**Student:** 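Handing you a structure now.
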Amino acid sequence: MTVAADSATGAASLVQSVDWLAIAPPVIAASVALLVLVADLFVEERRKPLLGYGAVAGLVAALAMLVPLRAGDRSTFCLTGTTQACSYTADHFALVIQALVLGGALLTALLSIGDTRKLPAGEFWFLLLSSAAGAALLPAARDLATLVVALEVASLPAFALVGIKRGDRRSSEAALKFFLSSVVATAVMLLGVSFVYAATGTMHLTEIAARLDDVPGQLSTLAEAGVVLTLVGFAFKTAAAPFHFWVPDTYVGAPLPIAAYLSVVGKAVGFSGLILVTVIAFPSYADVWGPALAVLAALTMTVGNLAALRQSATRARSAVRLLAWSSVGQAGYLLVPIASAAYSSDAQIGSTVAYALMYAVVNLGAFAVAALVARTHPGNRLGDYRGLYATRPLAALAMGFFLLCLAGLPPGIIGLFVKVTVFSSAVDAGLGWLAVVMAVNVVIALYYYLQWTAALFRAPEPSPASDEAPAAPVHRVPAPVTLAIALTAVAGITLSGAPQLILRFATLSLF
């Protein structure tokens with residue numbers, strides 16, 4: 001009886017209650033996704049737009065659940081032995097990234113309402129919410145298994161969202177290219193994860209960090225290969241050159257709100273995963289991933305900006321292509337503080353998160369204006385934006401502000417300040433050459449951002465002949481699109497009015 005009782009006590013001690021409040025944001029998003037899919041079976045066709053408003057309400061509820069977690073001191077699914085390793089941790093880093101991805105998904109939903117008439121509404125909202133749930137889970141993941149599962153939950157629905165326009169050859173090709181590149185990235189990453197597990201015998205990031213310091217000699221090569229392969233997998237996810245080839249065609253082929261979603265939420269997912277594995281799991285291999293990420297940062301920002309510079313104003317969908325290549329260049333800036341962390345301290349990560357927050361706000365705003373322009377100019381050429389101020393002055397002012405923020409020029413003060421923090425992180429880490437490359441790329445980017453901004457306020461000219469049927473002018477701006485533009489503009493102006501918040505945020509310890 002005593003042995004049985006002791007066994008029962010020991011078994012009970014291994015069972016941990018789930019902290020439902022900690023995991024509430026991704027759980028709410030996933031639950032609403034299932035509710036929307038089931039509701040689609042019973043809702044009449046003319047009432048399908050209600051599914052979109054239900055999705056928006058679910059994302060607002062998920063965002064609201066971040067408020068009681070603001071202390072950043074909750075963890076769950078933890079080991080019960082002497083170690084305190086956990087699989088899910090709602091620290092400040094996780095909460096900030098969750099706010100970013102859920103907010104990005106919310107703005108994507110606003111842009112999509114009214115645009116899903118030719119799309120299967122139930123499937124669209126289910127896929128968007130499912131991807132958002134995976135994106136919200138990833139920054140809180142603290143073991144490699146949860147990290148990979150969250151990454152795939154965020155990515156798999158995105159493949160379908162890119163190709164959801166039935167009968168559209170461009171959308172199908174974009175989805176295929178996105179799928180193949182992501183599958184390769186996942187395979188490489190899983191191989192690296194398996195090597196790391198074989199060398200350390202654990203999946204938890206904190207435990208991996210402790211055991212990599214004392215890897216047996218015969219396993220050191222295996223551990224190094226695992227670290228490198230894991231980083232290569234995340235390089236695909238972050239669209240770092242030379243693993244960026246899927247970006248422009250995917251953005252052009254996807255529905256415009258989904259292109260906006262991938263440019264912000266997709267990048268946030270990739271970069272948060274990259275930060276977790278480098279800073280928490282692989283600090284002892286900083287001499288391996290530090291120089292590699294520095295080279296990738298320089299290459300990525302250069303390739304992205306030079307390609308954006310070559311976009312023609314008369315080419316179909318050149319506006320979306322420019323935003324796609326611009327996002328590649330911005331990914332290079334985001335990599336700089338992560339590389340700098342290998343040479344100085346983890347505090348540099350705050351600069352990447354601060355830059356990501358600025359980029360998310362203004363890039364979603366730019367895509368929101370692009371979605372508005374696409375309603376009257378389906379070709380979405382850069383030339384279609386000429387004279388926008390004459391027809392839609394508020395939209396033109398908002399677009400000009402967003403572009404100046406991305407360029408880092410006043411009145412987009414927030415863009416300038418985050419670029420300064422990223423630049424300072426490279427200098428403080430002794431990466432002077434990387435700071436010089438970044439400075440050159442900022443100047444290159446100024447040209448195409450200012451060229452687009454100037455076009456907004458030029459006198460309109462007759463549209464060139466095109467293969468598209470002339471679209472009837474639309475004078476009424478859809479309310480959800482107006483709300484998306486207004487929210488991003490207000491957020492950008494507020495941050496530009498208090499740039500010291502970014503400087504303070506960039507120096508915070510997020511872990």
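Because the structure is predicted, anything quoted here is derived from the model rather than measured. Just so you know, these numbers use all the heavy atoms, side chains as well, and skip hydrogens, waters and symmetry mates.
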**Student:** Please report the interatomic distance CD1(I275) to CD1(I349), rounded to the nearest 0.5 Å.
**Tutor:**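 Reported to 0.5 Å precision, the distance equals 5.0 Å.
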**Student:** Does R47 reach the main-chain N or O of E44 with its side chain, forming a donor-acceptor pair under 3.5 Å?
**Tutor:** no
**Student:** Do the side chains of E123 and L161 get nearer than 4.5 Å, heavy atoms only?
**Tutor:** no
**Student:** OG1/T453 to CG/L403 distance, rounded to the nearest 0.5 angstrom?
**Tutor:** 4.0 Å
**Student:** Can you list the residues that meet the side chain to side chain contact (heavy atoms under 4.5 Å, CB included) rule with V153, with sequence neighbours excluded?
**Tutor:** V149
**Student:** Give a yes or no on this: more than 12 heavy atoms of other residues, nucleotides or ligands lie within 6.0 Å of atom CZ of F245.
**Tutor:**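 Yes, the 6.0 Å shell around CZ holds more than 12 heavy atoms from other groups.
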**Student:** Is there a donor-acceptor pair closer than 3.5 Å between any side-chain N or O of S75 and the backbone N or O of T89?
**Tutor:**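 Not confirmed, S75 side chain does not pair with T89 backbone.
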**Student:** Distance check, rounded to the nearest 0.5 Å: L406 atom CG versus F401 atom CZ?
**Tutor:**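 If I round to the nearest 0.5 Å, the distance is 10.0 Å.
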**Student:** Let me have the donor-acceptor pairs involving side chains of residues 257-267, under 3.5 Å, with sequence neighbours excluded, atom names and distances please.
**Tutor:**
unit_1: Y261; atom_1: OH; unit_2: S131; atom_2: OG; d: 2.7
unit_1: Y261; atom_1: OH; unit_2: A132; atom_2: N; d: 3.3
unit_1: S263; atom_1: OG; unit_2: A260; atom_2: O; d: 2.8
unit_1: S263; atom_1: OG; unit_2: N363; atom_2: ND2; d: 2.9

**Student:** If I take atom CE from residue M399 and atom CG from residue L404, how far apart are they, to the nearest 0.5 angstrom?
**Tutor:**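 Reported value, rounded in 0.5 Å steps: 11.0 Å.
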**Student:** Could you pull out the closest heavy-atom pair between W325 and A307, with the gap in Å?
**Tutor:** CD2-CB, 3.2 Å
**Student:** Within this structure, what is the CZ-CG distance for the pair F417 and L495, rounded to the nearest 0.5 Å?
**Tutor:** 12.0 Å
**Student:** Taking all atoms of both residues into account, what is the closest heavy-atom pair of A33 and L129, and its distance?
**Tutor:** CB-CB, 3.5 Å
**Student:** Could you check whether K177 pairs with E173 (Lys NZ or Arg NE/NH1/NH2 to Asp/Glu carboxylate O, under 4.0 Å)?
**Tutor:**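 So K177 does not pair with E173 through a salt bridge.
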**Student:** Answer yes or no: is there a side-chain heavy-atom contact under 4.5 Å between L483 and L107?
**Tutor:**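 A side-chain contact is absent here, since even the closest heavy-atom pair is not under 4.5 Å.
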**Student:** Of D143, T230, V193, which is the lone residue that meets side chain to side chain contact (heavy atoms under 4.5 Å, CB included) with V148?
**Tutor:**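 For V148, the side chain to side chain contact (heavy atoms under 4.5 Å, CB included) test succeeds with only one of D143, T230, V193, which is V193.
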**Student:** Classify the angle between the aromatic ring planes of Y385 and W452 as parallel (below 30°), tilted (30 to 60°) or perpendicular (above 60°).
**Tutor:**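 Perpendicular: the ring planes of Y385 and W452 meet at over 60°.
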**Student:** Run the ring-centre check on Y88 versus F77 and record whether the distance is less than 6.0 Å.
**Tutor:**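 No.
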**Student:** May I ask you to decide if the ring planes of F457 and Y389 are parallel, tilted or perpendicular, using 30° and 60° as cut-offs?
**Tutor:** tilted
**Student:** Step by step, would you call S182 with K237 a side-chain hydrogen bond (donor to acceptor under 3.5 Å, both in side chains)?
**Tutor:** CA-CA 7 Å; S182 189; K237 300 295 185 180; 2.7 Å; yes
**Student:** When D249 is tested against each of R321, R170, R317 for salt bridge (Lys or Arg N to Asp or Glu O under 4.0 Å), which residue passes?
**Tutor:**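 Between D249 and the candidates, salt bridge (Lys or Arg N to Asp or Glu O under 4.0 Å) is satisfied uniquely by R321.
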**Student:** Do T300 and Y333 have side-chain atoms, one donor and one acceptor, less than 3.5 Å apart?
**Tutor:** no
**Student:** Taking V418's backbone N and O only, do any of them form a donor-acceptor pair with T421's side chain (distance below 3.5 Å, no angle check)?
**Tutor:**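 It does hold such a pair.
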**Student:** List the atom of S318, the atom of A313, and the distance in Å for their closest heavy-atom pair.
**Tutor:** OG-O, 3.9 Å
**Student:** So does V36 get a backbone contact from the side chain of D40, meaning a donor-acceptor N/O pair under 3.5 Å?
**Tutor:** no
**Student:** With a 6.0 Å cut-off (strictly less than), is the heavy-atom count around OH of Y448, excluding the residue itself, greater than 12?
**Tutor:**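 Enclosed: over 12 neighbouring heavy atoms sit under 6.0 Å from OH of Y448.
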**Student:** Using a 4.5 Å cut-off on heavy atoms from C-beta on, say whether the side chain of L21 contacts that of P68.
**Tutor:** yes
**Student:** Checking the side chain of R381 only, and the main-chain atoms of T314 only, is there a donor and an acceptor separated by less than 3.5 Å?
**Tutor:**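 Judged by distance alone, yes, a pair lies under 3.5 Å.
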**Student:** Can a donor-acceptor pair be found, under 3.5 Å and without considering hydrogens, that links the side chain of S155 to the backbone of E152?
**Tutor:**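 It does not hold such a pair.
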**Student:** Please report the interatomic distance CG(L138) to CD(Q98), rounded to the nearest 0.5 Å.
**Tutor:**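 The CG atom of L138 sits 10.0 Å away from the CD atom of Q98.
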**Student:** Looking only at atom types and distance, does a side-chain atom of S496 sit under 3.5 Å from a main-chain N or O of I414, one as donor and one as acceptor?
**Tutor:** yes
**Student:** Heavy-atom count check: over 12 atoms from other residues, nucleotides or ligands less than 6.0 Å from F236 CZ?
**Tutor:** yes
